[in-house]
Amino acid sequence: MAIHNELGAWGEEQASVFLQRRGYTIVERDWKTGHRDIDIVALDGGTVVFVEVKTRRNRVFGEPEDAIDYRKLQNLRLAINYYVKSKHIDQEFRLDVITVVGTPTGGPPQISHFEDIPMY
């Protein structure tokens, strides 16, 4: 596995633990359809939460959330729509973004949680 993939997997694990500590239930991780994926699918009470995780070693090249551009949102929207239809989801859902800054050997990561990101 490439180093950036290892960092991403570590970041997704950190985000999952973060959510679980806040009472979320993790339903799926790294769900894929074709070339699109959803990092985490969780439940926050009765709401399905689709979570995009952005992990960076540091902020030298900007904030991790800045990597979520129009194209990324479009791919997320398509993946979420497919997930909702294929799983027959009939409850509320939203998109959240979690950023993780740090490394597995660098001490506790800095985690930020952005809730209810507009998909359009």
Side-chain angles (χ1 to χ4, degrees):
M1 181 182 295
I3 291 173
H4 72 278
N5 289 340
E6 290 175 11
L7 185 68
W10 172 80
E12 287 179 21
E13 178 62 25
Q14 299 304 306
S16 293
V17 169
F18 175 89
L19 290 169
Q20 289 171 324
R21 287 183 178 156
R22 281 152 185 80
Y24 289 65
T25 301
I26 305 301
V27 176
E28 298 198 55
R29 286 183 49 186
D30 204 26
W31 182 85
K32 292 186 182 346
T33 177
H35 295 291
R36 296 179 178 93
D37 70 295
I38 300 169
D39 294 332
I40 300 172
V41 180
L43 289 174
D44 179 17
T47 302
V48 178
V49 183
F50 299 99
V51 182
E52 174 67 12
V53 180
K54 287 296 176 194
T55 306
R56 298 292 183 268
R57 294 181 183 286
N58 54 51
R59 291 185 167 87
V60 170
F61 297 107
E63 297 298 323
E65 61 270 21
D66 293 341
I68 301 174
D69 58 12
Y70 175 79
R71 184 180 208 161
K72 181 63 181 175
L73 277 175
Q74 186 178 26
N75 283 329
L76 282 167
R77 184 174 56 244
L78 291 169
I80 289 167
N81 285 337
Y82 184 82
Y83 186 96
V84 166
K85 288 177 184 172
S86 67
K87 302 283 185 173
H88 308 289
I89 304 293
D90 60 359
Q91 62 219 74
E92 286 188 36
F93 62 90
R94 71 174 196 253
L95 171 63
D96 288 6
V97 171
I98 292 183
T99 62
V100 180
V101 179
T103 62
T105 58
Q110 297 173 352
I111 299 176
S112 297
H113 185 187
F114 303 91
E115 294 184 35
D116 204 10
I117 303 299
M119 287 189 272
Y120 297 95

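What you see below is based on every heavy atom in this structure, not just the backbone, and it leaves out hydrogens, waters and symmetry mates.
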(request) Just jot down the side chain to side chain donor-acceptor pair (under 3.5 Å) partners of Asp116, sequence neighbours excluded, or say none. (result) none
(request) Could you tell me which residues satisfy side-chain contact (heavy atoms from CB on, under 4.5 Å) with Thr47, sequence neighbours excluded, listed by chain and number? (result) Val49, Glu92, Arg94
(request) Measure from NZ or CZ of Arg21 to the centre of the six-membered ring of Phe18 and say whether it is under 6.0 Å with the direction within 45° of the ring axis. (result) no
(request) With sequence neighbours excluded, tell me which residues meet side chain to side chain donor-acceptor pair (under 3.5 Å) with Lys85. (result) none
(request) Using the test ring pair (Phe, Tyr, Trp, His ring centres under 6.0 Å), find all partners of Tyr83 that sit at least two apart in sequence or belong to another chain. (result) Trp31, Phe50
Side-chain atoms of residues 98-113: list all donor-acceptor pairs with protein atoms under 3.5 Å, sequence neighbours left out, distances to 0.1 Å.
unit_1	atom_1	unit_2	atom_2	d
Thr103	OG1	Gly106	N	3.1
Gln110	OE1	Arg59	NH1	2.3
His113	NE2	Asp96	OD2	2.8

(message) Check for me, please, whether Val17 and Val53 land in the same ILVMFWY cluster - side-chain distances under 4.5 Å, paths through other members count.
(response) no
(request) Of all the heavy-atom pairs spanning Ala67 and Arg56, show the shortest one and how long it is. (result) CB-NH2, 3.2 Å
(message) Applying a strict under-4.5 Å side-chain criterion to I, L, V, M, F, W and Y, I'd like to know whether Ile68 and Leu78 cluster together.
(response) no
(request) Test side-chain contact (heavy atoms from CB on, under 4.5 Å) on Leu43 and Val48 and set out the steps. (result) CA-CA 5 Å; Leu43 289 174; Val48 178; 3.8 Å; yes
(message) Who clusters with Val60? Use side-chain heavy atoms, under 4.5 angstrom, across I, L, V, M, F, W and Y, and order the result by chain and number.
(response) Phe61
(request) For Asp66, check side-chain contact (heavy atoms from CB on, under 4.5 Å) against everything at least two apart and list the hits. (result) Glu63
(request) Return the set of residues passing side-chain contact (heavy atoms from CB on, under 4.5 Å) with Asp69 (not counting sequence neighbours), or none when no residue passes. (result) Arg71, Lys72
(message) Counting C-beta onward and ignoring hydrogens, is there a side-chain heavy-atom pair between Ile89 and Gln91 closer than 4.5 Å?
(response) yes
(request) List for me each residue that meets salt bridge (charged side-chain N to carboxylate O under 4.0 Å, His left out) alongside Asp30, sequence neighbours excluded, and say none if there are none. (result) Lys32
(request) Could you grab the distance from atom CD of Glu65 to atom CD of Glu52, nearest 0.5 Å is fine? (result) 12.0 Å
(request) Using a cut-off of 6.0 Å, state whether more than 12 heavy atoms not belonging to Phe114 lie near its atom CZ. (result) yes
(message) Taking side chain to side chain donor-acceptor pair (under 3.5 Å) as the definition, give me every residue that meets it alongside Asn75, ordered by chain and number, with sequence neighbours left out.
(response) Arg36
(request) Report the residue from Leu76, Leu95, Asn81 that forms a side chain to side chain contact (heavy atoms under 4.5 Å, CB included) with Met119. (result) Leu95
(request) Compare all side-chain heavy atoms of Arg57 with those of Leu7 and state whether any distance is below 4.5 angstrom. (result) yes
(request) Would you give the length of the straight line joining atom CG of Asp39 to atom CZ of Arg29, rounded to the nearest 0.5 angstrom? (result) 9.5 Å
(request) Not counting sequence neighbours, which residues clear side chain to side chain donor-acceptor pair (under 3.5 Å) with Gln74? List them please. (result) none
(message) Tell me the closest heavy-atom pair linking Thr55 and Gly11, and the distance in Å.
(response) OG1-CA, 3.2 Å
